[in-house]
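Residue numbers start from 1 in every chain, and the chains themselves are labelled A, B, ... in the order their sequence lines are given, proteins ahead of strands. The figures here come from the full heavy-atom set of this structure, side chains too, leaving out hydrogens, waters and symmetry mates.
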Amino acid sequence: MSPAHHNREPRWRVLVLVVAVLAGVGIGFGTQGATAPAAPAEPAAQVSAPDAESSAWYCTGQSTPGGTAPNFVVMTNTLGRPATATVTTVTDGGAVAHTAVSVPARSVVTPSLPVLSPGSWEAQTVVVDGGGVAVSQIVQGPSGWDESPCVSTTSSQWYFPGGTTANGAGLYVSLLNPTPTPVVVDLSFITRAGAEHPINYQGIVVQAGSVVVENVASEIQNDATVSTVATTRTGRIVASELQTFAAPSAGLSLVAGSPTLESHWAIPQAEEATGGSSEIDVFNPGTTPENVTVRLRLPSGALAPLTSTVGAGSTWALSTSAQTRIPVGAPYSADIEAAGGAGVVVGRTIVLPAAATAPQAGLALAVDGLSQAPSGLAWILPPPGAGSSPPVSGAAPQSLALMNTSSGSERYAAAAMSSSGQTQLAAGTIAPGATVLVSGSNLSRVAADPILVRSDGTMGVSEDLGPTGGLGVVTVPGFPLARAVNS
Amino acid sequence: MDAQVPAVVAVVVTSGPGPWLEETLSSLAAQDYGEMSVLVLATDDAGSDVSERVGRILPDAFVRHLPGRPGYAAASNEVLGMVEGAAFYLLCHDDVALEPDAVHLLVEESFRSNAGVVSPKFVNWDDPSVLLHVGMSCDKTGAVVDRILAGEVDHGQHDAVRDVFVAPGGCVLVRSDLFSELGGFDPGILAMGEDLDLSWRCQVAGSRVIVAPAARVRHREAVASGLESLSVVIEPVGRHPVTLQGLQRRHELRAVLKCYTRLSLVRVLPQAALLALGEIMVALFVRDRDRVRVVTGAWRWNARRLTEISLLRGVLARHRIFPDSEVRRLQVRGSARLSRYLSRLSHQGLDAANAVTAGRFRHDEDARAEEAVLTGSVGAAFSENADFDDLDDLGRRAGRDRFGRRVRRPPLGTGRQRVFAVAVTLVVIAVGTRDLFFGTLPLIGQLAPLPSWSTTWHHLVSGWQSAGVGTTAPASPAFGVAGVAGTVLFGAMGTLQHVLLLGCIPLGAWGVSRFMRPLVSARARVVAVICYLGLPLPYAALGTGRWDGLVAYAAFPFIAVRLARAAGVEPFAVAPTGRWRSTARGQVAVLGLVIAVAAGFAPAVVVMVLVLAATWALGSILMGATSGWWRVPAVAAAAVAFALVLTLPWVVGTALAGKASVGVFGLPLSGATSPGWGEVVRFAVGPTARSPLVWLLVAAAALPLLLGRGTRLAWATRWWATALASWALAYAAYRGDMGAFAPSETVVLAPAALAVAVCIGLGISAFENDLAGSEFGWRQLISVAALVLVVVGLLPVVGAAVDGRWNLPAQGVEQPLGFLNRSATQVSRVLWLGDPRALPVGAWSVEPGLAYSLTPQGLPDTAQVFTPAGPGPASLAADAVRLAVSGGTVHLGRLLASEGVRYVVVVEGLAPSVAGSGTPAVSAPPPPGLAQDLLEQDDLQAVPGEVGVQVYQVGEAMPVTAARTAPLPVVRGWSFPGAGDVIGWQPVLGNLAAGLPGTGDVPAPGTLYAGYAPAGSFTLTQRGTRVPSRPAFGWASQYGVAAGPASLSFSSFPYVPLLVLLEIATWLVLLIALVRRPRRPRASTHLSGEA
């Protein structure tokens, strides 16, 4: 040290402090700034919190009465107080009608809606004065019937992994614009030949509060697997897909699209039938390839997984009926995981032999990851109609599947909910990846009551309804609750 | 003395000689030069006893009486006809006293240097140690300047023989043949300036003019000092008699017109005219009418004598040997008068500069200017008294020693270099700001235009503001500052906005200089100033439209100065001057005043003042202080308390907002797009100068910690503690880690910027002072490295200046939202949503990263930027938005209807970005999912096509004032409207601007709704009768009305205006107390009266 600096200046403690703070904060919190996060996603069909001021459900894809798939709206009130709602029905001919509906506490209502004309297709917007109400719809036509959730959100894009225009099948994409703003929509299709953007399906103008339905088969003909993307240029819409299967294995499916791409999907229950065919459609609409793993699990244990790299803008049609590792007649579940990109959309198509009970064919989305993990960790499964005379004769729950998609064992409880209270159907613990099926006499007690499922962790919940030719033809996923009801 | 020496005739012209004549004659008699005779030329004013007085001392002298008052020049010329055989004439005034060897030395030097004219060194008559002249010079316009400073003591520093341009009158040795050839003095010059003219002509004729300082002459300067009146008949004495200055100026111009060639005149004369014009303008500005008369008179006088001058030019042309280029070599460059003015302006301030006289005469004003204290001026910020020793004739640094050798100085070692460096820096700033000087600023951040002059005052004193849905909270003191400034500028509010905004940057630099003055050398001070200007923070604040950040940048240096002075931290202690402001209380009051002004625009300044004080105390403790460290926090707390008192109405209004009051400091961010730690530390928080090179400045700021000792180390420690706290707070604020308390980030960073600049200056000072006894080693090396770091670290800002607007976008939201200014058919409001940094209005917080504001329909102005802390019932809008964001409603439009919201505007970023222009450097997006949530609403219609904003029109908007037949339910608590509550309303009370209540017709009997808060402060009258009101939605009013005219007005006891007026009075009293001079002791007056 130089003579001039022979002193006891406490400079080092200051230097240490400066270096410690500068480096400490940098190391502790990182030197890089944060980037804008993506918008938080919500399930497409989520029951609003009980204290919501209002909530809306959008049901589209059905035909007007006398058409291919006339519908019934099923409103399930999960709360201990009555709910009021307004159902606005619009047709593609421009007719509009408003219907006031009241849903008693913990009850299900299938409101009688006016028959509108002109128009061949119609859609409903259900605005509930509050939350806690789930809305689904049942379509029934010459080809069969189906129950599908209405959706509680609008989106600027909708994805449909499956669909077919082969063998006389009909495929219709319904576009409902419930917002006050006109929307311009483009439809794209992924076929075996690759991506197609039919000129007639570009720039479809959907006026505020109107519905437009496009027949996919008029542009994409005789293609066994057709994945669809509906994208808006501005604004947000609701889109669904109506699939008709022609005889001999007939069926009618109404599929609400998925507004998001996700990396985890679940098929809680499935079964291969002799003479039938089924496939899992993994659609990658993104711009990067996805490494997809399908993990199959029998009640006896897990099977060797199936893997594939699904290229950008392509669909992996995994024929599960061709997999020898899956025994015929044994229920199994499937967990689909995608990695490497923005995510995928997964659906399942099943065609049973003509000898089976009608309908024999069906198409449904798998249970998406968001619906597996609602903030309330509770799901509601609406019945196929209200009262003792459901819209579809004899329609009733056949099998309730609860698939544990978390990494640990989870407790669960399923109860039938009625105006008089809840009746427990099943309760217990599910091992990771395992599935619990509730069927038979346990379900027969439910009759036309909704089923409330609670869990301690993420769960894939779905219910198969009958009468159909088999599992997977008419499948309804559990409606996740934004917040669990108290009783 | 050898008889071979050349003969000299001393010519003494006397007119009204004073008692000093004898001393003059005695000095001539005492000369050791043998061949000298004396000729005394006495004018009529000299009196009849001149011969007698001369005879007593110089019996051999020849005395000649001249008729009339010919003037010095004409009188001297008499020698040409009276004397033959003399080699030299020694032309003398009658008030000079020569040293005995003066003539001898002058003649000797004339031969040695082959000079035609030789001037002695003139010293003060009474104090010979003080120099008067050692030769003189002039500039191209003939303005004569001395080579010495007034009052300069003779240490022999000017004792070298050298060429000069002017041999001052009083005593000059002229070769007789030269004098004769040139025809002597110009007889047209009655007084003043004949020396310039003769010297100039001599040089044109090829003769040298030199000064021989060894010959010393005392000079009384009887005429110039007023001891003796001018004894010439100039012209009829009018209302404004001709002054010496007037004579000097006219004769200077005469010399110019005579002595230049025509070609040179073409070049010089316009310049002289231009300078004269500028001088006239300055003189008019400062009301110096005498100066105006002098300048204009000089040009008029010469214009009337152009013919005479032309003849004289012809005479001189016959003798011309040297071209003008040769003669010009001895003239000073530039304009001597302008240089002198600017030098005074720079060193002593405006008053002293304006006291510069027209000529070389020293009047009282001039003397006062010379003695002016170096304080309060721009130049004073960069000057030291000691620097004057280095000044040349014009107050500029010659850069040479007395022997003419170039002196090598360290960088920024001279005042000229420092001024040049600061000037270059300011030029860079000006270049970087060039596009912002004029025109309208974009509607970005807080850059909304100022309202009109009257509206600004109205906001300040009004008892009600339209913020939110209305409030009686007092307005921000910023309106007071803007109102006063707008009044001073005669309502030029656009100009005011530019001045206030852009002026913050140089103001901050000036503040740094003031802070550094007691601490460091002028060089270190200049470096600190340049570094403060070279940090990206102010340009980040400007580029993001943060007015508060700029104000904090400007204010903190002054706050630091005041805090240090008030707390008496070494070396800032203030000696009592007798004025109140120099007392401890006065110091605190001044600090409080500065804080109050700054806090009006940037309330977070209050927080940071306390942080500053706390960190200074921490720094003192780190340096081992065991006592006194608490003084700074105590003084800061007292000053803040005083500032709060000065802004009491606003403070009370803010405090009444409860928990929301912390929002006045800033709104919490989400951290979604927060800058990293490194970006915060290097101030890369704006769109410009984001280069990592700025790290080098931060690194250089560590120098005083390594080298400093004593005071420098103590201050470096304090400032580093401040910087660390400032950075940490800002980082936490950007990340949204501080909950609802989130002081504005650019304000929080201002002390850190100041700390970096100050520490760099301290580092330079440590290098200058603390290494004096050190052996060469790493300290010297890192010092040099630090200098390099500083230079390189400044480059990002220099590079950013190319843009011309510091990357401030050319357009804000005024373009896409222009439709809001269209005339509306109803009174309605706009709900603004977005990141707190992006909203062009003052706002409240919905959640971290999402702010909201309710403004009257139309583009906002500054009145909407400085909003009260509490939203009042406008918080219902926040509740509604929270519901929508959480998926709890699809009827946001209806929920907002009662507040008159017609449009919901979501601001997507700081400014609309042009497609393809890339990602903006500063991103301030609204929370992800907000757009989705709003599009989910079934009563919000998206307005397509707007860039940078999302606009939604509310489907069933209620006018703010509306009527319908059905009444509203009476609700006591704040509530949202139901579906039936928003239907059927018709706008009433006209198309009102700015959302203010007013008068109109009610079309039918029914219910009139008024969406103004507080409801109880409004009165509806119909046919002169007050209509009783009932609550609506818990906060608004409804009235049962009949058809016909109705008037809604604010009617409340004006306690807010009264408080504000009291506040204004308090400010005035304080300002008077601060500027008031101490009263003289009454006792002395009393005693003198008794005497």
Side-chain angles (χ1 to χ4, degrees), chain A residues 1-5 7-15 17-19 21-22 25-42 46 48-49 51-56 86 88 125 127-131 152-156 178-182 208-209 234-236 482, chain B residues 619 622-624 671-679 681 702 705-710 713 716-717 720-721 724 727-728 731 734-735 770-775 777 779 883 886-891 895 923 925 927-932 935-944 953 955 976 979:
Chain A
M1 179 170 285
S2 302
H5 288 77
N7 56 66
R8 293 187 175 275
E9 303 275 18
R11 71 178 73 245
W12 295 111
R13 74 174 77 152
V14 180
L15 282 167
L17 174 71
V18 169
V19 172
V21 173
L22 282 177
V25 177
I27 294 169
F29 296 92
T31 56
Q32 298 300 313
T35 54
E42 289 184 349
Q46 177 173 258
S48 296
D51 58 356
E53 190 273 340
S54 59
S55 54
T86 301
T88 301
T125 299
V127 176
V128 183
D129 299 328
S152 58
T153 183
T154 57
S155 177
S156 56
T179 72
T181 309
T234 59
R236 296 160 69 86
Chain B
L622 281 172
M623 291 304 297
T673 55
S674 65
W677 175 243
E679 291 169 305
V681 172
L705 294 182
L706 296 169
L707 303 184
R709 298 177 61 205
L713 180 59
T717 303
W720 265 101
L724 293 177
W727 283 324
Y731 187 51
Y734 274 117
R735 286 167 51 91
D770 297 331
L771 292 186
S774 299
E775 299 167 358
R779 291 182 180 82
L883 261 179
S886 65
T889 186
V890 292
H891 295 138
L895 303 190
S923 175
L930 178 65
Q932 170 185 330
L935 284 169
E936 296 278 357
Q937 307 304 311
D938 68 0
D939 51 6
L940 290 185
Q941 181 177 358
V943 177
Q953 186 166 3
F976 295 124

When rounded to the nearest 0.5 angstrom, what is the spacing between CG in Leu935(B) and OG in Ser156(A)?
-> 9.0 Å
Give a yes or no on whether the backbone of Leu622(B) and the side-chain of Arg13(A) come within a donor-acceptor separation of less than 3.5 Å.
-> yes
Ranking Thr179(A), Thr153(A), Thr234(A) by heavy-atom pairs under 4.5 Å to chain B gives rank one to Thr153(A)
Side chain to side chain contact (heavy atoms under 4.5 Å, CB included) with Ala931(B): which residues, sequence neighbours excluded?
-> Gln950(B), Tyr952(B)
Below 4.5 Å from any heavy atom of chain A, which atoms of Leu705(B) appear? Answer side chain, backbone, both or neither.
-> both
Which bit of Ser48(A) comes within less than 4.5 Å of chain B, counting heavy atoms only: side chain, backbone, both or neither?
-> side chain
Just how far is it from atom CD of Gln932(B) to atom CZ of Arg236(A), taken to the nearest 0.5 Å?
-> 4.0 Å
Interchain contact, Gln937(B) with chain A, by part (heavy-atom threshold 4.5 Å) = backbone
Contacting region of Ala49(A) [heavy-atom separation from chain B under 4.5 Å] = neither
By a 4.5 Å heavy-atom criterion (distance strictly below it), what part of Val127(A) contacts chain B: side chain, backbone, both, or neither?
-> side chain
Could you go through the side chain to side chain contact (heavy atoms under 4.5 Å, CB included) check for Val14(A) and Met623(B) one step at a time?
-> CA-CA 8 Å; Val14(A) 180; Met623(B) 291 304 297; 4.3 Å; yes
Contacts of Glu42(A) meeting salt bridge (charged side-chain N to carboxylate O under 4.0 Å, His left out) (sequence neighbours excluded), chain-then-number -> none
Tell me, side chain or backbone of Val681(B) under 4.5 Å from chain A's heavy atoms, or both, or neither?
-> side chain
For residues Phe976(B) and Leu883(B), determine if any side-chain heavy atom of one lies less than 4.5 Å from a side-chain heavy atom of the other.
-> yes
Heavy-atom distances under 4.5 Å only: say whether Leu895(B) touches chain A with side chain, backbone, both or neither.
-> side chain
Which bit of Ser152(A) comes within less than 4.5 Å of chain B, counting heavy atoms only: side chain, backbone, both or neither?
-> backbone
